[in-house]
Amino acid sequence: MPELPEVEVVRRGLATHVVGRTIDRAQLSGDRVARRHEAGPTDLAQRLAGATVWLADRRGKYLWLVLEPPSRPAEALVVHLGMSGQLLVSPRDAPAARHTHGIFHFTDDGPSLRFVDQRTFGGLSLRPLVPDPHLAAHRTAHEPPHPYGVPSSVGHIAPDPMEGVFDRAAVVRRIRSRRTVIKRALLDQGVVSGVGNIYADEALWRAGVHGRRECSRLTAPAVDRLLGHTRAVMSEALDVGGTSFDALYVNVNGASGYFDRSLRAYGQAGKPCARCRSTIVREQFMNRSSHFCPRCQPAPRARRVAR
DNA sequence: CGTTCCTCCTGCTAGC
DNA sequence: TGCTAGCAGGAGGAAC
């Protein structure tokens with residue numbers, strides 16, 4: 001599942017293989033891949049033709065290419081990988097793999113870029129660039145991030161922990177004011193972006209915090225530590241994944257495959273906790289699986305049964 | 001307004 | 001052996 005580290009690996013691949021090239025032709029198949037593009041897939045393909053890729057950027061799990069189209073202002077091709085999306089750099093004439101929804105040919109003789117997605121939870125859309133709404137609130141950045149703005153569909157997404165505009169103290173306050181449990185807040189992309197189920201469970205394990213603890217009952221230092229672990233675990237995953245992907249591919253299922261051996265909570269049900277040897281437990285929560293150590297991450301006292 | 005729930009999709013696996 | 005049910009989960013929009 002692509003979370004921040006995996007998406008960043010893809011972004012770096014795009015920076016290497018795609019930035020600076022001009023799209024000659026885009027072939028899109030099916031309506032679903034362009035469902036977030038209001039004018040539909042035909043319009044999307046037409047507007048991509050002739051556009052030069054200026055740079056590859058990212059916020060949380062959202063990825064975009066800044067395009068310089070002929071005789072129009074710069075705009076962004078927004079790519080979300082969803083659960084199973086991949087961007088592949090493939091020889092121009094290679095046959096389309098199963099679940100290929102988009103093929104981009106360039107004006108040079110180099111390889112094509114392809115969007116492949118089994119479940120098509122991901123997709124593509126073209127959006128105008130708007131001023132970054134999170135930049136206005138940020139006063140101390142030495143180098144303004146996203147100086148050209150962000151895609152209009154990304155405005156509601158909070159900065160991720162790797163960004164210069166990420167204001168950790170403000171996020172601590174925001175989380176503590178939420179009337180919900182901590183794992184839900186950590187997964188809310190409007191609070192802190194880039195975190196999915198895997199790294200949420202890992203960060204909670206490292207911090208020794210149970211995911212069902214109420215946000216308002218956690219101390220500010222505890223939330224601050226949790227955010228530190230969140231950043232650290234994603235940074236470590238990026239270090240592993242960012243050095244081991246095949247140059248032919250922009251992404252091969254992201255970095256999590258290489259990071260698997262470092263997971264201490266996610267997918268470890270029935271195995272001993274690396275800290276205290278208690279057995280890691282898995283339970284359903286928010287219609288998602290959660291993995292935790294019952295000793296290191298004590299559950300909150302049972303809440304009064306709401307009625 | 002903030003929060004929670006439901007749905008989209010396909011491939012794999014567990015269980016009968 | 002072959003079938004089905006269940007599970008994986010990001011995100012947007014509906015519902016409360």
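Letters go in sequence order (proteins before strands), and every chain restarts at 1. What you see is a predicted model; the values in this text were computed from it and never measured.
Between A/Arg282 and A/Ser289, the side chains place no donor N or O within less than 3.5 Å of an acceptor N or O (distance only, hydrogens not considered).
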Considering only distance and modelled atom types, tabulate donor-acceptor pairs under 3.5 Å from the side chains of residues 201-210 of chain A, sequence neighbours left out.
from, atom 1, to, atom 2, distance (Å)
A/Asp201, OD1, A/Lys183, NZ, 2.7
A/Asp201, OD2, A/His291, N, 2.9
A/Asp201, OD2, A/His291, ND1, 2.8
A/Glu202, OE1, A/Arg264, N, 2.8
A/Glu202, OE2, A/Arg264, N, 3.2
A/Glu202, OE2, A/Ala265, N, 2.8
A/Glu202, OE2, A/Tyr266, N, 2.7
A/Arg206, NH1, A/Glu236, OE2, 3.1
A/Arg206, NH2, A/Glu236, OE1, 2.8
A/His210, ND1, A/Arg212, N, 3.0

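Read 5' to 3', the first and last nucleotides of DNA chain B with an atom closer than 4.0 Å to a heavy atom of chain A are B/dT3 to B/dG11.
Pairs passing the salt bridge (charged side-chain N to carboxylate O under 4.0 Å, His left out) check and including a residue from residues 80-89 of chain A, sequence neighbours excluded, do not occur. Applying the salt bridge (charged side-chain N to carboxylate O under 4.0 Å, His left out) test to every pair with at least one member in residues 62-88 of chain A, sequence neighbours left out, gives these pairs: A/Arg47-A/Glu75, A/Arg72-A/Glu75. Here ring pair (Phe, Tyr, Trp, His ring centres under 6.0 Å) pairs that include residues 73-131 of chain A, with residues two or more places apart or in two chains, are A/Tyr62-A/His80.
Scored by the side-chain contact (heavy atoms from CB on, under 4.5 Å) test, A/Asp188 finds A/Arg178, A/Val191 as partners (sequence neighbours excluded). Here A/Asp224 pairs with A/Arg168 under the salt bridge (charged side-chain N to carboxylate O under 4.0 Å, His left out) rule; sequence neighbours left out. In this structure A/Asp31 satisfies the side-chain contact (heavy atoms from CB on, under 4.5 Å) test together with A/Pro41, sequence neighbours excluded. With sequence neighbours left out, A/Arg173 forms a salt bridge (charged side-chain N to carboxylate O under 4.0 Å, His left out) with no residue at all.
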Starting at the 5' end of nucleotides 8-14 of chain C, put B wherever the base has a protein heavy atom under 4.0 Å, S where only the sugar-phosphate does, and a dash everywhere else.
BBBBS--

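Think of A/Val281 as one node in a network of Ile, Leu, Val, Met, Phe, Trp and Tyr side chains linked at under 4.5 Å; its network also takes in A/Phe292.
For the helix from B/dG2-C/dC16 to B/dC16-C/dG2, the rotation axes defined at the first and last 5 base pairs enclose an angle of 50°, given to the nearest 10°.
Nearest-nucleotide mapping onto DNA chain B: of A/Asp188 and A/Gln118, the residue sitting toward the 5' end is A/Asp188.
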